[in-house]
Amino acid sequence: MNVEELQQIAGSAQEEREKFDYEVNVCMGTSCLSQHSDKIRDAIAKEASACGKSCHVRRTGCMGPCAAGPMVMIEPAETRYGHVREEDAKDIVAALGGEPVARLDPQLGSYFEGQNFVVLENVGHIDPEKIDEYIARGGYEALLKVLTEMSPGSVIEQISKSGLRGRGGGGYPTGLKWDTVAKVKGAQKYVICNGDEGDPGAFMDRSVLESDPQRVIEGMAIAAYAIGANKGYVYVRAEYPLAVQRLTVALREARRRGFLGNAICETTFNFDIDVRLGAGAFVCGEETALIASIEGKRGMPRPRPPYPAVSGLWGDPTLINNVETFANVAPIIRHGGEWFASMGTARSKGTKVFALTGKIQRTGLVEIPMGMTLRQIIFGIGGGVADGRKFKAVQTGGPSGGCMPEEHLDLSISYDALISAGSMMGSGGMIVMDDTSCMVSVARFFMEFCMTESCGKCVPCRAGTVQMFELLTKITKGEATHRDLDRLTELCEVVGATSLCGLGQTAPNPVLSTLRYFKHEYLAHIEEKRCPAGVCEFSATAADTRRGEVHV
Amino acid sequence: MSGEANVRTLTVDGEEISARADQTILEAAREHNVGIPTLCHLEGLSEVGACRLCLVEVKGARRLLPACVTRVEEGMEVTTHSPKIDRYRTMILELFFAERNHICSICVANGNCELQSLALTLGMTHVEIPYQYPQLPVDASHPRFTVDHNRCVLCTRCVRVCSEIEGANTWGVMGRGAQSLVITDLKEPWGDSETCTSCGKCVQVCPTGALFEKSSVGSKVRKHPEFLPYLRIMREEDQA
Ligand SMILES: Cc1cc2nc3c(=O)[nH]c(=O)nc-3n(C[C@H](O)[C@H](O)[C@H](O)COP(=O)(O)O)c2cc1C
Ligand code: SF4
Ligand code: SF4
Ligand code: SF4
Ligand code: SF4
Ligand code: FES
Ligand code: FES
């Protein structure tokens, strides 16, 4: 493969597209597919050939607004249809070139306003299993440029200049990480893509792997070149069968086109990637546990240092990045680090993909520039709280993160701002809660998650999460005292400070943040035996001791 | 490489000490008679950093670091005891005691137990958090040894000694979180184990009353975990 050949592939893919007057893109992401969007695609294709319209029907990955799915998008008009059923095929085809079908308007309002697609730039436009469609949209230009024009050092320089930080949660500077692995001496090095994504409610990485897997492969290949690795692994949860299938097809296609294998693009660079399936334990997303799992051992974290950069897979220097981190690499190389750094805030550059869920009008997958406010996301893109209820809190960072109240709605999203508000960027879950959510119960939910997912290796997390969960349960039953609250606070401090890995270290965060902003709810449970949100049911004894009127 | 280059100077609790570059903070501190509590660590076995009792403050580090796995560095300033660390350690001990069922007065290891003596040295006089009492099984199927999971602290010393020293790989860990259990083979009764050589090493290294010799019940037989370094040296000499 060389530049001319790449352009030729892109050219003929483009020509192929131009043969048709219209393109009908049918979302076949997990959510739409679960509503049988494959049948919709077949129905539209059948209808189109029956009435002789020049139209190409394409399957794509998740288009974003899953709640309005099954989604269909018509090009070149960029008309979007929502809640499409098989029976709508006739009208959709008939409307090509004319007025859109009014009843299928997905009512997305300002859903796309302010969104900025870098990671998701191809979403809704390409068939994830067709590499040539990826190439037609600039795919593999970056890899070719890197291999033929750039030294490993200058690749790392661009990544550093971009200001990209790890999207797996921690926000470690990606350029710095690459530089470290590149500088460690070692004949054998590895690149690992972390697609474990175990946060409840998160589906960003799954979506990227399902809708644009080549982008991740290209990012990994560029990283491998930069650090001197010849072998890569993508670690995906076995519960993501569609992502695994599309990735497997994508790897085969990439090999066929010569972007993986030996002498890639007629250079001396060799690199190939294998898929490893995760057993589904949340802790296997932690890098040292993930490495142990790939080695065939029990997925348990070990103390760091040594960091994987120095001693990772099989003891060799290993670069491990998140799916979304790798997905940002090719665009950075294509447009330059400065372009990427022009988006975002002083210390958080580029965009971030969030899975917007909870009590919100328009749930779905969104990509926003760093620096956007929570209010813009929740009330602009998301259309505000569902069912006309009142906003109470927004949770980010999953079980490691925290809940932020209304006062923080104007917070501009960045790694640092979220941490100082007592939450975390995390991998990109964003859960909106309304006045029917009890914040103690929310904290209890996340604590239960950490307790069940604790690997059991170190005692603060193994035993501490159990104790904290029981204290939270006691509070929700109206059986707790002020002493219990003090004990809970103390456990939060000790478990956070002494646990071995990030799971235990951050497990107290949901409690700490709700204590910080919603302490009155804790106190209402303890002092008045009352749940302000009306969620908790108190035992008879607790109800008897309740002061004041009986809450119904 | 000259000997000089392998020496590191650091301060431990304000005292300047020197150590070999490949030593851990724990090793260096113990050589200079600075006591750091440990439970999962045992000289002669690999380190797992699991019990968190050896956490120390290192100036400039964002978090507390486990002394048993952290290597010394030039100019390091280590604090092994402070009101905060002591408080954390006591709380960790409380978590250990409350996690299963530790009532020393009725335990075979009473007076001969590392967890118990840690509680004494660290001044953990009472456990304020509720005991979990999970009612775990006792496996007495082995002709000589018994495992009582109610006293196990999951330090994995048994697992490590059986695999790293004896080479039998009989012990493993099953389950996760609070449900974790050490198991023999594929959770078969210890007495049915085809891999166990009955060498007794796991019993010797177990810090608590979880593993004990049947003949020791009622008597005050001490365990001898200190045999390991010698055994290891002997083995290495054998192989050399
Ligand atoms: C309990 C736990 C779970 C984690 N799960 C994930 C995960 O699912 N995906 C991920 O990319 N990183 C996860 N991480 C973070 C990884 O350890 C690691 O920092 C990350 O993959 C590095 O990639 P990045 O620098 O690109 O973010 C997890 C960390 C912890 C402590
Ligand atoms: S903090 Fe929790 S998950 Fe992490 S090593 Fe300790 S027990 Fe395992
Ligand atoms: S194992 Fe040790 S701490 Fe536990 S009951 Fe027995 S003597 Fe006490
Ligand atoms: S007695 Fe020896 S071989 Fe048997 S389990 Fe214990 S250490 Fe392993
Ligand atoms: S049985 Fe003993 S040595 Fe084994 S993990 Fe339990 S306490 Fe540690
Ligand atoms: S899966 Fe179709 S829009 Fe998300
Ligand atoms: S002795 Fe260091 S963690 Fe157990």
Side-chain angles (χ1 to χ4, degrees), chain A residues 170 279-284 288-289 297-306 310 448-471 473-474 483-484 486-507, chain B residues 24 39-41 46-57 61-71 73 84-100 115 127-132 134 152-156 159 172-182:
Chain A
F282 175 61
V283 74
C284 285
T288 60
K297 300 188 198 129
R298 218 173 121 88
M300 274 208 180
R302 60 153 176 84
R304 302 171 305 171
V310 177
E448 183 171 24
F449 180 84
C450 291
M451 177 180 78
T452 347
E453 294 296 328
S454 162
C455 82
K457 180 169 179 169
C458 70
V459 70
C461 167
R462 178 180 75 227
T465 52
V466 175
Q467 295 288 351
M468 291 192 282
F469 173 74
E470 292 196 340
L471 285 167
T473 306
K474 226 170 146 185
R483 226 180 135 74
D484 290 321
D486 293 343
R487 173 117 334 117
L488 179 65
T489 318
E490 197 185 352
L491 277 163
C492 281
E493 183 192 346
V494 177
V495 173
T498 62
S499 290
L500 190 158
C501 87
L503 194 155
Q505 288 162 9
T506 58
Chain B
T24 62
L39 186 59
C40 63
H41 162 86
S46 64
E47 304 290 359
V48 286
C51 74
R52 317 308 285 169
L53 285 167
C54 70
L55 288 177
V56 293
E57 274 170 31
R62 265 177 49 241
R63 307 190 57 86
L64 300 175
L65 297 174
C68 65
V69 287
T70 310
R71 306 248 162 242
E73 275 169 33
K84 188 174 81 180
I85 304 181
D86 292 345
R87 187 162 57 84
Y88 289 178
R89 286 183 183 143
T90 317
M91 176 66 104
I92 290 174
L93 278 181
E94 282 193 51
L95 286 168
F96 270 125
F97 271 87
E99 173 178 39
R100 293 200 169 170
L115 184 63
V127 178
E128 290 198 21
I129 48 186
Y131 267 50
Q132 298 293 319
C152 173
V153 290
L154 294 168
C155 67
T156 69
V159 181
V173 183
M174 192 189 76
R176 63 177 186 230
Q179 267 67 51
S180 304
L181 274 194
V182 287

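All values below were derived from every heavy atom in this structure, side-chain atoms included, with hydrogens, water molecules and symmetry-related copies excluded.
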One option among B/Thr156, B/Leu154, B/Leu55 has the most heavy-atom pairs under 4.5 Å with chain A, and it is B/Leu154
Whether the side chain of B/Arg89 engages the backbone of B/Leu53 through a donor-acceptor N/O pair (distance < 3.5 Å, no angle test) should be reported.
yes
Toward chain A, the part of B/Arg71 with a non-hydrogen atom under 4.5 Å:
neither
What part of A/Thr452 gets within 4.5 angstrom of chain B, counting heavy atoms only: side chain, backbone, both, or neither?
backbone
B/Phe97: partners by ring pair (Phe, Tyr, Trp, His ring centres under 6.0 Å), with sequence neighbours left out:
B/His102
Top contributor to chain A contacts, counting heavy-atom pairs under 4.5 Å, from B/Pro130, B/Pro66, B/Ser180:
B/Pro130
Would you compute the distance between atom OG1 of A/Thr288 and atom CZ of A/Arg304 and round it to the nearest 0.5 angstrom?
6.5 Å
Has the side chain of A/Arg462 got a donor or acceptor atom that lies under 3.5 Å from a matching backbone atom of A/Gly456?
yes
Let's test your reading of the structure: which of A/Met451, A/Met300, A/Glu490 forms the most heavy-atom pairs below 4.5 Å with chain B?
A/Glu490
Answer yes or no: is there a donor N or O on one side and an acceptor on the other, between the side chain of B/Glu94 and the main chain of B/Val127, under 3.5 Å?
no
Which answer fits B/Gln179, side chain, backbone, both or neither, if we ask what part of it has an atom under 4.5 Å from a heavy atom of chain A?
neither
So, using side-chain hydrogen bond (donor to acceptor under 3.5 Å, both in side chains) as the criterion, who are the partners of B/Thr90 when residues are at least two apart?
none
Please identify, among B/Leu39, B/Thr70, B/Val48, the residue contributing the most non-hydrogen atom pairs under 4.5 Å to chain A.
B/Val48
Need one label for B/Val153: side chain, backbone, both or neither, based on atoms under 4.5 Å from any heavy atom in chain A.
backbone
Between A/Ser499 and A/Gly496 (side chain of the first, backbone of the second, donor and acceptor by atom type, cut-off under 3.5 Å), is there such a pair?
no
B/Leu95 versus chain A, the contacting section by heavy-atom distance below 4.5 Å
both
At a heavy-atom distance under 4.5 Å, which candidate from B/Glu47, B/Glu99, B/Arg63, B/Arg87 has the highest pair count against chain A?
B/Arg63
Applying side chain to side chain donor-acceptor pair (under 3.5 Å) to A/Glu493 and B/Tyr88, what does each step give before you reach the verdict?
CA-CA 9 Å; A/Glu493 183 192 346; B/Tyr88 289 178; 2.6 Å; yes
Among A/Glu470, A/Gln505, A/Arg302, which residue has the highest count of heavy-atom pairs closer than 4.5 Å to chain B?
A/Gln505
Winner by heavy-atom pair count (cut-off under 4.5 Å) against chain B, out of A/Val494, A/Leu491, A/Val459:
A/Val459
